[in-house]
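Ligands are counted one by one from 1 in listed order, and the atoms in each one are counted from 1 as well. FYI, the numbering just counts along the sequence from 1. The structure displayed is predicted, hence computed values, not measured ones. Keep in mind that the numbers below use all heavy atoms, side chains included, and drop hydrogens, waters and symmetry copies.
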Amino acid sequence: MAPTLAQPFDDSSALVDFVINQGNGVKGLSEMGLKALPKQYIQPLEERMCMTNVQAQESIPIIDMSNWHSPEVAKSICEAASRWGFFQIVNHDVPVEVLENVKDATYKFFELPAEVKNNYSKDHSPSNNVRFGTSFTPQAEKALEWKDYLSLFYVSKEEAYALWPTVCREQVLDFMEKSEVVIKQLLQVLMKGLHVDEVDETKQSLLMGSMRTNLNYYPICPNPELTVGVGRHSDVSTLTILLQDEIGGLFVRGNDGDDWIHVPPIKGSLVINVGDALQIISNGKYRSVEHRVVANGSKNRISVPIFVNPRPGDIIGPLPELVEKGEKPIYKQVLYSDYVKHFFRKAHDGKKTIEFAEL
Ligand SMILES: COc1cc(/C=C/C(=O)SCCNC(=O)CCNC(=O)[C@H](O)C(C)(C)COP(=O)(O)OP(=O)(O)OC[C@H]2O[C@@H](n3cnc4c(N)ncnc43)[C@H](O)[C@@H]2OP(=O)(O)O)ccc1O
Ligand SMILES: O=C(O)CCC(=O)C(=O)O
Ligand SMILES: [Fe+2]
């Protein structure tokens with residue numbers, strides 16, 4: 001029986017069929033006008049956001065990039081990456097219209113009919129490099145997450161033109177291309193902070209040899225307090241460059257390890273965070289920090305992260321420059337694609353992914 005508002009889903013397989021197999025996603029559930037959250041999305045108490053754990057006085061650093069190569073700015077970037085793992089940048093070189101265009105394109109993609117979006121799902125997409133999905137890894141999760149996404153792994157412009165959805169491909173390509181300048185500035189400063197003065201081609205390729213952009217859509221949720229948009233995790237990237245809209249809802253783990261800090265939307269800014277790959281490469285000097293996204297009861301939210309990564313075939317481990325100076329390595333050498341597969345095969349579990357690389 002087709003789900004209706006009066007008779008939403010008779011069993012779990014009907015929900016999975018509607019949300020995952022038919023490509024309606026949580027956007028489809030939200031637009032049915034459900035009065036209550038389906039039980040599959042109810043998170044255990046300990047995974048729900050509790051406002052008493054929010055540190056309202058704290059905030060992650062906001063860094064003005066107009067003088068990015070000055071010693072003062074470089075120092076604040078390196079300090080933010082080691083202390084917070086997260087910061088926002090303003091006055092960077094990515095034009096504001098590029099940011100606006102990619103947000104509009106994200107809405108355009110999610111407004112497509114479910115059967116069109118479903119052509120990009122794991123079961124139907126012509127390539128693993130383009131994937132429309134919902135939640136994080138539904139087959140491994142006890143409770144699902146209230147998020148739909150399109151994930152685009154960049155290989156070449158030609159492949160993007162051939163495979164990526166027409167409604168968003170140019171805008172995503174433009175966002176990725178224009179962000180490269182700031183990514184290189186940040187990596188140069190961060191490497192200098194490790195006393196690695198030259199980022200040669202080999203190092204550049206290790207740090208930013210592959211890129212993936214996700215378009216995230218968090219629709220209005222009937223009981224936002226019972227679920228999550230994205231559960232606690234750290235990214236597996238080197239750096240993540242995140243564009244969020246004006247709604248808010250991203251929280252970052254505070255320095256004391258218990259509290260959460262909201263990342264307020266700032267028009268024209270980009271949120272930067274250190275991923276596990278950079279924590280490993282820097283032998284723990286720069287920290288990938290746990291973060292999560294809450295669901296919203298009255299507004300749809302979008303975000304567009306660019307995950308800047310090593311290439312899947314790269315071996316990552318603490319930089320030889322650090323170990324040669326006598327630093328004791330705390331991580332082993334791992335094949336990056338093995339690391340990423342380990343991340344994707346389990347539900348979000350905070351900072352646990354990095355244990356895969358610990359010595
Ligand atoms: C989606 O919500 C998210 C995502 C994130 C992502 C954070 C990141 O940092 S993404 C950066 C990922 N790294 C790369 O893209 C590096 C380059 N790519 C690779 O190394 C490979 O493409 C691969 C990702 C390792 C996939 O390798 P492959 O050999 O093709 O193996 P598969 O069998 O296709 O995939 C393994 C396993 O992972 C699942 N998966 C793959 N890609 C994605 C994806 N984009 N989104 C979700 N899940 C993906 C796939 O389903 C497979 O699982 P099975 O159970 O089917 O075996 C952060 C937070 C979020 O909420
Ligand atoms: O939507 C956000 O603000 C963050 C999403 C996120 O953490 C991710 O996609 O890895
Ligand atoms: Fe993330």
Looking only at heavy atoms, is any part of [X] under 4.0 Å from ligand 2, and if so is it the side chain, the backbone, or both, or is it neither?
X: T240; result: neither
X: V271; result: neither
X: F307; result: side chain

Name the closest protein heavy atom to [atom], giving the residue it belongs to and the distance to 0.1 Å.
atom: atom 56 (O) of ligand 1; answer: K122 NZ, 2.4 Å
atom: atom 3 (O) of ligand 2; answer: R301 NH2, 2.8 Å
atom: atom 5 (C) of ligand 2; answer: Y218 OH, 3.4 Å
atom: atom 4 (C) of ligand 2; answer: V293 CG2, 3.6 Å
atom: atom 13 (N) of ligand 1; answer: N309 ND2, 3.6 Å
atom: atom 6 (C) of ligand 1; answer: F307 CZ, 3.6 Å
atom: atom 44 (C) of ligand 1; answer: F344 CZ, 3.6 Å
atom: atom 47 (C) of ligand 1; answer: Y149 OH, 3.2 Å

Checklist entry - Does the distance from a Lys or Arg side-chain N to an Asp or Glu carboxylate O, for K267 and E246, drop under 4.0 Å? => result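 Not counted as a salt bridge, because no side-chain N and carboxylate O are separated by less than 4.0 Å.
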
Checklist entry - Going through the distances and angles, do F136 and F343 end up as a ring-ring contact (aromatic ring centres under 6.0 Å, His included)? => result CA-CA 10 Å; F136 175 60; F343 171 70; 5.1 Å; yes

Contact with ligand 1 for [X], non-hydrogen, under 4.0 angstrom:
X: G133; answer: no
X: H348; answer: yes
X: N128; answer: yes

Checklist entry - Quick one: angle H233 NE2 - the Fe ion (ligand 3) - H291 NE2, to the nearest 10°? => result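 Roughly 90°, rounded to 10°.
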
Checklist entry - Hey, looking at atom 53 (O) of ligand 1, which of M211, H342, H291, R345 has the closest heavy atom? => result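 The residue whose heavy atom sits nearest atom 53 (O) of ligand 1 is R345.
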
Is there any N or O on [X] that sits under 3.5 Å from an N or O of ligand 1?
X: K341; answer: yes
X: Q139; answer: yes
X: S210; answer: no
X: D235; answer: no
X: S135; answer: no
X: E145; answer: no

For [X], counting its heavy atoms only, list the atoms of ligand 1 lying under 4.0 Å from any of them.
X: N214; answer: 1 (C), 4 (C)
X: S151; answer: 45 (N)
X: F136; answer: 1 (C), 2 (O), 3 (C), 4 (C), 60 (C), 61 (O)

Checklist entry - Among the N, O or S atoms that D235 has, which is closest to the Fe ion (ligand 3)? => result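 Atom name returned: OD1.
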
Next on the checklist: Within ligand 2, which atoms have a heavy atom of N216 less than 4.0 Å away?
Outcome noted: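 Atoms satisfying the 4.0 Å criterion: 5 (C), 9 (O).
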
Next on the checklist: Using side chain to side chain contact (heavy atoms under 4.5 Å, CB included), reason through M211 and I183 one step at a time and then give a plain yes or no.
Outcome noted: CA-CA 11 Å; M211 289 202 207; I183 293 166; 4.0 Å; yes

Item to check | Protein heavy atom under 4.0 Å of atom 26 (C) of ligand 1 | outcome: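 Neighbour list for atom 26 (C) of ligand 1 is empty of protein heavy atoms (cut-off 4.0 Å).
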
